[in-house]
Peer 1: 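What follows is a structure written as structure tokens; I'll ask about it next.
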Amino acid sequence: MSIASIRWISGPVLRAVAAGPFALREAVRVGPRALLGEVVRLDGDEIVVQVYEDTTGMRPGIEVHGTGLPLAIPLGPGLLGNIFDGLLRPLSGSDSQFVQPGAHRAEAGLFAFAPRVKTGDTLAPGAIVGDATRAAAAAGERSQAVLAPPDVAGEVLAVAAPGDQREDATVCTVRLADGTVRELSMRHDWPVRVPRPVARRLPAAVPLVTGQRIIDCLFPVAQGGKAAVPGGFGTGKTVLLEALAKGCSADVIVYLGCGERGNEMAGVLEEFPQLTDSKTGRPLMERTVIIANTSNMPVAAREASIYSAITVAEYFRDQGLSVALMADSTSRWAEALREVSGRFGELPGEGGYPAYLSSRIADFYERAAIVETLAGGIGSVTVIGAISPPSGDFSEPVTSHTKRYVKALWALDVKRAQARFYPAIHPLQSYAEDAGTFAPWWTAQGNSQWLPLRRRFLTLLDDEARLERMARIIGKDALPVRQQLTLLCAGLVNEAFLRQSAFSPIDRVCAPGRQSAMMRLLGRFIDLAEGAVAAGLHTDRIARMACMRPLQRMGEEIGDGELPRFAELQAAMEREFAELTQRTEGSDAAHG
Ligand code: ADP
Ligand code: MG
């Protein structure tokens, strides 16, 4: 392999005079500690290298060794349940935030391998070779598919018998079309910056169920879709992403902590290993991969971590699973890009970011998709990226470029957060482009009114903003009674439906059935209230109704398993309205 000699070095970037050929994106090893780097530019006889580890002590004259291979990460059954740095080197638990310099890959774990192919079979690219179950698996732990690499096809010459194998031991030998023989283990390397191939992309039609009412009902994201969560400091990005990781309907969660301070990741690193998955009763970590590249870890590795995370997500997608990737925060990733670009001496663009910021953001979100996999299954990667705009200004470059590529935006609002109204997603600044596509899915869940109710809620919230502006000028009591009713109903939708504490044992996740029951109940309330006002009842009287308080509190008080209680609440509400309107009509008659 080729060797180069460092001529110049600045932080994570070095230039070296090459004594042989290097390839773009080739992985290199720098100096006696064999620090991991990647060739990012070829410049005459010089190579420019981005180094993913702390370069303290490196100086001109030190050697850089080529590896002849692109920078790649190992993908295998050992990923689930573990915590890695930005280049997928293992971080063992919350205390060790650093990997050994030069350390390359995870220890190969022991897995029970069960073959799905036999000698003589033709192996197609990305096909399923067998299944792997952790050798030390607890009862009920799911197996994982063992995939042939997407770039390998040929005739199976030999396959291991069922039994325990190290993750890196040969389990299948294949003769390729050109006659060469490849040995496959349960894991394979894949270059981080290259999207993994698929048979074809499918149209998004099914929502990722997040368990958050404001998302699922007002601003849903598709399985295989992309959403961004911009929000200033303390508006609830991390809490929301964690809530989604714990409660969403994906089979596998890839959680990327990117450039946030170590203590902000503490929640994930310490809490996740102790959580139980409410749907299966199994440890949440069994279907989770955490990638942590905190602010005290090398900046270039942070730039790479977003690609590692999406590559890992694609690897599980290729097993026919639905995967959700949470990235907290893409702004810190963009800052790493900016810092490395500055060291290259590139001309800064808008906000100091390199001119290719936008295309890099696009490349990342573009990898979200629902697909037919090479193995013939259906898998998806849904990407949810947090954005931390400096001083909460959504017009800055990362937010504005991201908005061009995502389908759903969940904009966190400082005022709502300050009022401790969580999740602080602003209903008027947020959007979901695909919402209409999900109506058939909701109908299949027994809620054919989902789309009209959604529209009704959104209109109400829109009217509320307008009327509040007016009320500030002329006073609320001066508004016509119908507009006062709009304010009352919008207030109820906010309080009873959109508000949802991530820390409430009952309400932190809300299943679609309960979401539908709550939506319908509120829709019915609005109908009855409009009828009552038309019949002459004053809104103040409606505000004082006995059913108001249970309605406002229903999210906290009625759980997913207690849907009949919504019918009881509705019956009480109907009775109360009936009595009130009768009385009103009665008094009208008396006056008449
Ligand atoms: P950010 O990551 O945007 O800086 P955090 O997610 O750390 O903000 O949220 C800050 C605080 O706001 C949390 O510690 C928590 O007290 C509160 N909070 C945020 N979101 C919620 C939520 N959905 N439910 C309850 N409390 C929340
Ligand atoms: Mg945060």
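Order of listing sets the numbers, starting from 1, for every ligand and every atom in it.
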Peer 1: Kindly indicate whether the side chain of Gln429, heavy atoms from C-beta on, has any atom under 4.5 Å from the side chain of Phe394.
Peer 2: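 Counting from C-beta outward, Gln429 and Phe394 do come under 4.5 Å.
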Peer 1: Under 3.5 Å, is there a donor-acceptor pair linking the side chains of Arg367 and Thr311?
Peer 2: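 Note: Arg367 and Thr311 side chains meet the donor-acceptor criterion.
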Peer 1: Of the options Arg499, Arg553, Arg213, which is the one that meets Asp507 in a salt bridge (Lys or Arg N to Asp or Glu O under 4.0 Å)?
Peer 2: Arg213
Peer 1: Output yes when Arg360 and Glu303 qualify as a salt bridge under the 4.0 Å nitrogen-oxygen rule, no when they do not.
Peer 2: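 Glu303 and Arg360: salt-bridged.
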Peer 1: Does a side-chain heavy-atom distance below 4.5 Å link Ile542 with Phe525?
Peer 2: yes
Peer 1: Flag yes if more than 12 heavy atoms outside Tyr356 fall under 6.0 Å of its OH atom; otherwise flag no.
Peer 2: yes
Peer 1: Dump the pairs for me: ligand 1 N or O, protein N or O, distance under 3.5 Å, to 0.1 Å.
Peer 2:
unit_1	atom_1	unit_2	atom_2	d
ligand 1	2 (O)	Thr238	N	3.0
ligand 1	2 (O)	Thr238	OG1	2.8
ligand 1	3 (O)	Thr235	N	3.3
ligand 1	3 (O)	Gly236	N	3.0
ligand 1	3 (O)	Lys237	N	2.9
ligand 1	3 (O)	Lys237	NZ	2.8
ligand 1	4 (O)	Gly234	N	2.7
ligand 1	6 (O)	Lys237	N	3.4
ligand 1	6 (O)	Thr238	N	3.1
ligand 1	6 (O)	Val239	N	2.8
ligand 1	8 (O)	Gly236	N	3.1
ligand 1	12 (O)	Tyr422	OH	3.1
ligand 1	24 (N)	Ala502	N	3.0

Peer 1: Distance check below 2.8 Å: does Thr238 bring an N, O or S atom to the Mg ion (ligand 2)?
Peer 2: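 Checking Thr238: at least one N, O or S atom is under 2.8 Å.
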